[in-house]
Structure formats: structure tokens, C-alpha cells
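Here is the structure we will look at, set down as C-alpha cells.
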Amino acid sequence: MPELINDASKEIWEKDRRHNLHPFTLFRNFERDGALVIKEGLDNHITDANGQTYLDAIGGLWCNNIGLGNEEMAETIAEQVRKLSYSSIFTDMANEPSALLAAKLACLAPGDLNRVHFATGGSTAIDSAFRLIHFYQGCRGKPEKIHMIARKQAYHGSTYASMSLGYKASDRTSQFQFITDTIHHISTPYIYRAPNDMDEAAYCDFLVHEFEDKVAEIGPDKVGGFFAEPIMGAGGVIVPPNGYLNRIRELCRELDIVYVSDEVVTGFGRLGHWFASEDVFGIVPDIITSAKGLSSGYLPISAVIYSDHIHDVISTGETYGYYPHGFTYGGHPVCCAAALKNIEIIERDNILDHAKSIGTYFGNKIESLREYPMVGDVRGMGLMRCVENVQNKATKECFPSELDIGKLIANAAEELGLIVRPIERLNIMSPGLTITEEDVDFIIHNLGQAIERVASGLRNKGYVL
């Protein structure tokens with residue numbers, strides 16, 4: 001149990017421990033330690049129930065793009081609640097914020113991605129894209145094209161279909177069931193651990209050929225869609241080899257496969273652009289899924305942005321234009337108003353340009369962490385960064401999983417007033433887009449201190465680093 005300085009904070013901590021099932025919780029540790037109770041937040045800092053303040057280098061969960069506690073956002077949300085707190089957009093109903101937001105997203109998205117389906121979060125956006133592909137293929141008379149291809153170590157959400165599309169090994173617990181007959185996985189484009197020490201060009205060729213072979217194995221007439229994050233987020237901030245996404249996109253076009261770009265993390269400024277697909281990687285997908293930065297985490301909302309071509313097919317197919325899919329809170333007027341204001345703030349305050357420059361600064365500064373003996377790799381782009389910790393730099397040997405090295409470092413960083421995300425041997429950072437150079441310097445200095453503290457403790461236990 002953490003040190004709690006007053007009875008009120010102890011009560012909240014205990015109620016949370018006794019009643020709240022946290023996502024991705026490790027039960028044994030949680031029963032003992034409970035959770036860090038966050039009470040307040042402003043810009044890129046959060047304060048716990050004890051009054052301890054931290055720089056949040058996770059940005060909530062990849063989502064606090066404009067920072068916490070923005071007064072304009074608060075006023076916009078309150079005003080919309082007073083004006084129209086809820087209105088369904090099912091069938092032939094509409095509301096002003098959802099219509100305006102759909103039109104705005106069509107302007108921001110690349111190519112002919114002019115159609116929008118609203119959902120409630122990244123997972124439901126992925127599920128919606130999954131079902132949209134089935135519907136589209138059925139409408140065009142190709143009902144057998146229901147098989148999907150995704151990548152190992154991808155994270156696409158935690159609903160049934162989205163978790164099945166993802167394939168993080170640690171999330172594939174035997175107690176859960178997954179879709180395995182129509183969802184297939186190919187290799188992670190993981191340059192740091194490329195097999196046989198391939199160089200980047202050879203590794204890219206290997207990955208592309210693997211995709212071609214997988215399609216041939218399943219049958220091109222059965223593969224309906226391909227799902228890919230431009231940069232893999234929770235799977236380890238994995239940046240693909242040069243040319244990989246472009247070549248896969250071209251193959252999808254040739255093989256009549258719908259290409260889905262999962263921009264739940266990369267969208268709305270994390271790499272300094274509204275969307276990364278075209279502006280960073282030079283591809284125009286058939287579908288983009290988005291969430292997180294769409295409202296900067298102020299309210300739950302997501303959007304599936306898809307092409308005019310797909311819409312033309314589904315709106316004139318054999319179903320006579322009936323689309324039986326949606327969510328009660330999809331197109332929620334308050335959530336849409338928040339997203340519109342968020343986009344307005346990003347545009348007005350030139351936050352995309354700031355994200356580009358501060359992302360470059362962050363990338364340059366984080367390279368200094370390579371000097372630590374157990375830092376095997378430092379990677380990322382823009383404001384998506386990751387440190388991979390290894391027991392042996394030369395061999396890239398991992399620490400024993402039960403050591404939970406990423407969590408040990410995150411705990412040490414927390415003691416220094418810094419929140420980083422531990423995922424197995426990784427420490428991941430995705431701070432708000434409004435961070436300053438001073439904030440970056442704080443992150444690098446204190447993460448380095450945390451790494452050294454943990455390394456010292458391991459040496460004392462006999463580890464050779």
C-alpha cells in the first residue's frame with residue numbers, strides 16, 4: 001500500500017482497490033498495492049491524492065494532446081450540455097456538432113476519405129471498420145472476402161474483434177477466446193530484432209514477400225482487409241522499414257484488399273500532422289480509424305473515416321442501402337462539440353508545428369539514453385518514443401519476464417516525479433503535444449536517473465549488465 005497522508009485519500013484508494021476492475025490489471029500486485037489515485041491535472045502535469053505532482057510523459061494514454069484543464073474545452077462542453085446534451089444520429093436523425101465534425105474530418109483526411117462513421121473509442125472504431133469491410137465485400141457480391149490480415153505485436157483495441165486483430169503475446173491469455181479462423185497475422189516490422197541481422201532493405205523485402213505469401217495461402221479471393229498502425233504503439237513504438245507501408249499499400253490495391261490505417265494513436269498531431277498515413281508515410285488508405293487525440297481525451301469519441309468508393313458500393317448494394325450497425329453514443333453532440341473545439345485549438349495555436357519541432361528535440365535528446373548499459377534500443381518518431389531495456393546489449397538478451405524490468409524503471413521514475421509507461425521490457429512515452437524543451441529535459445534526466453537506480457539495484461543482486 002502506498003503512503004497516504006490523509007483519511008480521505010485512504011478511503012478513495014481502498015474503495016478503488018475493493019470495487020474497481022482496472023483494464024490490464026495484474027491482480028496479485030493490485031490487491032497488494034492498489035492504484036495511484038490521480039486527483040487533479042493541468043496541461044502536462046498530474047497531481048495525486050497526496051498532493052504529489054508528476055510530469056505525465058504518457059499523455060494520459062496517448063491522448064492528452066492539447067493538455068489537461070483547458071478552459072475553452074470546459075466552456076464548450078458545458079455550453080453544449082446546456083444546449084443539447086444528447087441526440088441520437090440513428091437512421092434519419094442528426095445533430096449539428098456531428099454534422100460539422102464529419103465535414104471537418106473529411107477536409108482533414110487524405111484522398112477521397114470523405115465519409116465518417118462515429119463510434120465511442122479506438123476499439124469500437126476498429127470493430128466498425130472490421131464490420132464495414134464485411135458489409136462492403138458482401139454488397140459487391142464477394143461475401144467470401146471476410147479474412148483479415150494484421151501484424152503480430154499490433155494493438156488494435158480490446159473488444160472481441162479488435163483484440164483478435166491485435167496480437168500482443170502478453171495479451172493472448174488462455175482464458176480469453178479470439179477469432180482465429182478468419183484473422184491471420186504476419187511478422188512485426190521490428191528492425192531492432194530483424195532475423196539473421198538483415199539490413200533494412202533486405203528486411204523490408206522479407207516482410208513484403210511474407211505478406212504476399214500469406215495472401216496466396218489464404219486465397220486473394222478470400223482476403224478482405226489489412227489492418228496496420230503506421231507506427232505500432234502499445235506493441236513497442238515500432239517504426240516500419242523505409243518503403244514497407246508503401247509496398248504493402250500497393251499490393252492491397254493490386255489484390256483488391258481494403259487497407260485500414262489504424263491512426264487511433266498517430267492521428268491529430270502525435271507526429272506533427274493531422275494524419276500520418278499520407279503526410280508521413282506517403283500512403284492513402286481506404287479507411288482511417290481515429291480516436292484519442294480527436295478530442296484530446298476530454299470526452300470519448302472515435303471516427304471511422306472511409307472512402308467515397310466504399311460508400312458508393314454500400315449505399316447502392318443489394319441491401320438497398322440499409323446499414324445495421326452503430327452505437328447509442330456514436331455522434332454524441334457533446335463529444336462532437338469537444339472534438340471540434342479541440343481541432344480549432346490545434347489549428348489556431350499552431351500545435352502541429354510545435355509538435356514537429358518539439359518531437360525532433362525529444363528525438364535528439366532521448367538518444368543520450370543509449371549510453372546506459374541496459375538500454376538496448378531507443379526508437380520512435382515525433383512524440384512517440386520508446387526505450388527497450390535488455391540484459392545484454394551485444395546479444396539483445398532480454399531480462400527474465402518475471403523481473404518486469406519496465407515496471408521497475410517506471411516505479412523509480414514515479415519516485416522522481418515522472419510518469420512513463422511500462423510494457424514488459426519497454427518504457428514508452430507519448431506526452432502531450434504542448435510540452436516544452438524544459439519538459440523534455442526533465443523527462444530525459446529523470447528517466448536516466450531511474451534507469452541507473454534500477455541498474456544499481458540489479459548489480460547489487462548479482463546481475464551482470
Would Arg253 count as a cation-pi partner of Tyr259, with NZ or CZ less than 6.0 Å from the six-membered ring centre and within 45° of the ring normal?
no

Beyond-backbone contact of Val264 with His156, side-chain heavy atoms, under 4.5 angstrom:
no

Please check if the side chain of Glu210 supplies one atom and the backbone of Ser187 the other of a donor-acceptor pair under 3.5 Å.
yes

Is a donor on one side and an acceptor on the other found under 3.5 Å between the side chain of Thr47 and the backbone of Gly41?
no

Rounded at 0.5 Å granularity, tell me how far OG in Ser261 sits from CD1 in Ile283.
5.0 Å

Test your reading of the model: is there a side-chain donor-acceptor pair from Asn242 to the backbone of Ala201, 3.5 Å cut-off?
no

Considering all heavy atoms, the nearest Val390-Lys396 contact:
CG1-O, 4.0 Å

Test side-chain contact (heavy atoms from CB on, under 4.5 Å) on Tyr306 and Ile314 and set out the steps.
CA-CA 12 Å; Tyr306 64 100; Ile314 67 173; 4.0 Å; yes

Identify whether the distance between the nearest side-chain nitrogen and carboxylate oxygen of Asp205 and Arg247 falls below 4.0 Å.
yes

Contact between Ile409 and Leu447 at the side-chain level, heavy atoms closer than 4.5 Å - yes or no?
yes

Are the side chain of Asp221 and the backbone N or O of Glu144 linked by a donor-acceptor pair below 3.5 Å?
no

How close do His354 and Ile435 get, counting heavy atoms only, and between which atoms?
NE2-O, 2.7 Å

Do side-chain atoms of Asp56 reach the backbone of Gly60 as a donor and acceptor pair under 3.5 angstrom?
yes

Around atom NZ of Lys222, are there more than 12 heavy atoms of other residues, nucleotides or ligands at under 6.0 Å?
no

Less than 4.0 Å between a side-chain N and a carboxylate O, is that true for Lys341 and Glu79?
no

From CG (Leu271) to CG (Leu433), nearest 0.5 Å:
9.5 Å

Counting neighbours of OH on Tyr203 that are heavy atoms of other residues, nucleotides or ligands and sit closer than 6.0 Å, is the number greater than 12?
yes

If we only count heavy atoms from C-beta on, is the Cys336 to Leu100 side-chain gap below 4.5 Å?
no

Please tell me whether Phe30 and His22 form a close aromatic pair, meaning their ring centres lie under 6.0 Å apart.
yes

Between Arg370 (side chain) and Val378 (backbone), is there a donor-acceptor pair under 3.5 Å?
yes

Which atom names give the shortest non-hydrogen contact between Pro240 and Phe281, and what distance separates them?
CG-CE2, 4.0 Å

Assess the side chains of His311 and Asn114: does a donor N or O sit below 3.5 Å from an acceptor N or O?
no

Would you please test Lys356 and Asp279 for salt bridge (charged side-chain N to carboxylate O under 4.0 Å, His left out) and show each step?
CA-CA 12 Å; Lys356 286 178 198 171; Asp279 289 337; over 6 Å; no

How close do Asn64 and Gly297 get, heavy atom to heavy atom, and via which atoms?
OD1-CA, 4.5 Å

Hey, does the side chain of Arg270 reach the backbone of Leu383 with a donor-acceptor pair shorter than 3.5 angstrom?
yes

Just by distance, do the side chain of Asn350 and the backbone of Asp353 share a donor-acceptor pair under 3.5 Å?
no

List the atom of His147, the atom of Asp181, and the distance in Å for their closest heavy-atom pair.
CE1-O, 3.4 Å

Min side-chain heavy-atom separation Phe227-Thr289 under 4.5 Å:
no

Rounded at 0.5 Å granularity, tell me how far CE in Met163 sits from CD1 in Ile183.
12.0 Å

Would you find a donor on one side and an acceptor on the other, under 3.5 Å apart, between the side chain of Ser296 and the backbone of Ile66?
yes

With side chains defined as the heavy atoms from C-beta onward, is the minimum distance between Val387 and Val420 less than 4.5 Å?
no

Straight-line distance of Leu113 CG to Leu108 CG, nearest 0.5 Å
12.0 Å

Can a salt bridge be assigned to the pair Arg249 and Asp286 using a cut-off of 4.0 Å between side-chain N and carboxylate O?
yes

Show your working on side-chain contact (heavy atoms from CB on, under 4.5 Å) between Leu84 and Glu96 and close with a plain yes or no.
CA-CA 10 Å; Leu84 178 65; Glu96 182 179 352; over 6 Å; no

Centroid-centroid distance, Phe178 to Tyr160, less than 6.0 Å:
no

For Asp127 and Thr124, does a side-chain donor sit closer than 3.5 Å to a side-chain acceptor?
no

Classify the side-chain pair Asn65/Asn342 by whether it contains a donor and acceptor separated by less than 3.5 Å.
no

Can you confirm whether Glu344 is buried at CD, in the sense that more than 12 heavy atoms of other residues, nucleotides or ligands lie under 6.0 Å from that atom?
yes

For Phe176, look at atom CZ and say whether over 12 heavy atoms of other residues, nucleotides or ligands are found less than 6.0 Å away.
no

For Ser302, is there any backbone N or O sitting under 3.5 Å from a side-chain donor or acceptor partner on Lys292?
no

Pair Val304-Ile287, side-chain contact (heavy atoms from CB on, under 4.5 Å): steps then yes or no
CA-CA 7 Å; Val304 180; Ile287 299 173; 3.6 Å; yes

Contact between Tyr329 and Pro300 at the side-chain level, heavy atoms closer than 4.5 Å - yes or no?
no

Any chance you could measure Ile423, atom CD1, to Ile428, atom CD1, to the nearest 0.5 Å?
3.5 Å

How are the rings of Tyr323 and His325 set relative to one another: parallel (under 30°), tilted (30 to 60°) or perpendicular (over 60°)?
perpendicular

Tyr192 and Tyr190 aromatic ring geometry - parallel, tilted or perpendicular at 30°/60° bounds:
tilted

Under a 4.5 Å cut-off applied to non-hydrogen side-chain atoms, are Asp256 and Lys145 in contact?
yes

Can you confirm if the aromatic rings of Phe226 and Phe211 lie within a centre distance of less than 6.0 Å?
yes

Going from CH2 on Trp62 to CE on Met429, what distance comes out if it is rounded to the nearest 0.5 angstrom?
9.5 Å

Given the rule in the side-chain contact (heavy atoms from CB on, under 4.5 Å) test, do Leu245 and Ile248 qualify, once you have shown the distances and angles that lead to the verdict?
CA-CA 5 Å; Leu245 292 177; Ile248 297 290; 5.7 Å; no

Taking side chain as C-beta onward, heavy atoms only, is Val280 less than 4.5 Å from Pro230?
no

Got a sec: does the CG of Asp199 have more than 12 other heavy atoms crowding it under 6.0 Å?
yes

Side chains of Ser277 and Glu263 only: does a donor on one sit below 3.5 Å from an acceptor on the other?
yes

Closest heavy-atom contact between Arg131 and Pro324?
NH1-O, 4.0 Å

